[in-house]
Enquirer: 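Sharing a structure below in C-alpha cells format, with a few things to ask.
Because the structure is a prediction, the values reported are computed rather than measured.
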Amino acid sequence: MPRRPFIDSATGELKTTQLLREALPLAKLIAAFVGVALVPYALAFFLFGSSALGALFSVLGQFVLAVGTGVVLMYCVARGTTL
C-alpha cells in the first residue's frame with residue numbers, strides 16, 4: 001500500500017505536526033511576497049494617489065504578486081513531488 005502523506009498509517013489519523021511543518025514555510029514564503037508587494041502599493045496609495053507614478057507603482061505591486069504566485073506554485077509542486 002503506498003504511503004499517504006499527513007496520515008498515520010497505523011491509526012489513520014491526521015499527522016498535525018507534519019502538516020504544520022509543511023504549512024509554515026509556505027506561509028512564510030507567501031508573507032514575504034505580500035510584504036514586498038505592500039511597499040509599492042503603499043507608495044501608490046499614500047504618496048502618489050491617482051497620478052501616473054501611482055499607477056506605475058500599482059503595476060509594480062501587481063508584478064511582484066504575480067511573480068510571487070508563480071514561485072509559490074513551483075514550491076508547492078516541488079514539495080508535492082517530494083512527498
Enquirer: Sorted by first residue and then second, give each salt bridge (Lys or Arg N to Asp or Glu O under 4.0 Å) pair with at least one member in residues 49-62; sequence neighbours left out.
Expert: none
Enquirer: List in chain and number order the residues that pass side chain to side chain donor-acceptor pair (under 3.5 Å) with Glu22, two or more places apart in sequence or in another chain; answer none if no residue qualifies.
Expert: Arg79
Enquirer: Tell me whether Val39 shares a hydrophobic cluster with Leu65, the cluster being built from Ile, Leu, Val, Met, Phe, Trp, Tyr side chains joined at under 4.5 Å.
Expert: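 No, Val39 does not connect to Leu65 through the hydrophobic network.
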Enquirer: Please, which pairs that meet ring pair (Phe, Tyr, Trp, His ring centres under 6.0 Å) have at least one residue in residues 7-53, sequence neighbours excluded?
Expert: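 Residue pairs passing ring pair (Phe, Tyr, Trp, His ring centres under 6.0 Å), neighbours aside: Phe48-Phe57.
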Enquirer: Restricting to non-hydrogen atoms, name the atom on Ala44 and the atom on Gly54 that form the minimum distance, rounded to 0.1 Å.
Expert: CB-O, 3.2 Å
Enquirer: So which atom in Leu20 and which in Pro25 form the shortest heavy-atom distance, rounded to 0.1 Å?
Expert: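 Distance-wise, the nearest heavy atoms are O-CD, 4.4 Å.
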Enquirer: For Ala78, is there any backbone N or O sitting under 3.5 Å from a side-chain donor or acceptor partner on Thr82?
Expert: yes
Enquirer: Any chance you could measure Leu29, atom CG, to Leu24, atom CG, to the nearest 0.5 Å?
Expert: 12.5 Å
Enquirer: For Phe63, I'd like to know if atom CZ has over 12 heavy atoms of other residues, nucleotides or ligands within 6.0 Å.
Expert: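 No - once you tally the heavy atoms of other residues, nucleotides and ligands closer than 6.0 Å, there are 12 at most.
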Enquirer: Got a second to check how far Phe6's CZ is from Lys15's NZ, nearest 0.5 Å?
Expert: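 The NZ atom of Lys15 is 9.5 Å from CZ of Phe6, to the nearest 0.5 Å.
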Enquirer: The criterion is side-chain contact (heavy atoms from CB on, under 4.5 Å); which residues satisfy it with Val59, sequence neighbours excluded?
Expert: none
Enquirer: Going through the distances and angles, do Val67 and Gln62 end up as a side chain to side chain contact (heavy atoms under 4.5 Å, CB included)?
Expert: CA-CA 9 Å; Val67 170; Gln62 290 177 6; over 6 Å; no
Enquirer: My understanding is that only residues two or more places apart in sequence, or in another chain, count here; which of them pass side-chain contact (heavy atoms from CB on, under 4.5 Å) with Leu38?
Expert: none
Enquirer: Applying side-chain contact (heavy atoms from CB on, under 4.5 Å), name anything that partners Thr11, two or more places apart in sequence or on another chain.
Expert: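 By the side-chain contact (heavy atoms from CB on, under 4.5 Å) rule, Thr11 matches Asp8, Glu13.
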Enquirer: When rounded to the nearest 0.5 angstrom, what is the spacing between OG1 in Thr69 and CD1 in Ile30?
Expert: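 If I round to the nearest 0.5 Å, the distance is 8.5 Å.
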Enquirer: Do you know the tightest heavy-atom contact between Ala37 and Gly61?
Expert: CB-O, 3.9 Å
Enquirer: Find out if a path of hydrophobic residues (ILVMFWY) with successive side-chain heavy-atom gaps under 4.5 Å connects Leu19 to Leu83.
Expert: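 Yes, same cluster.
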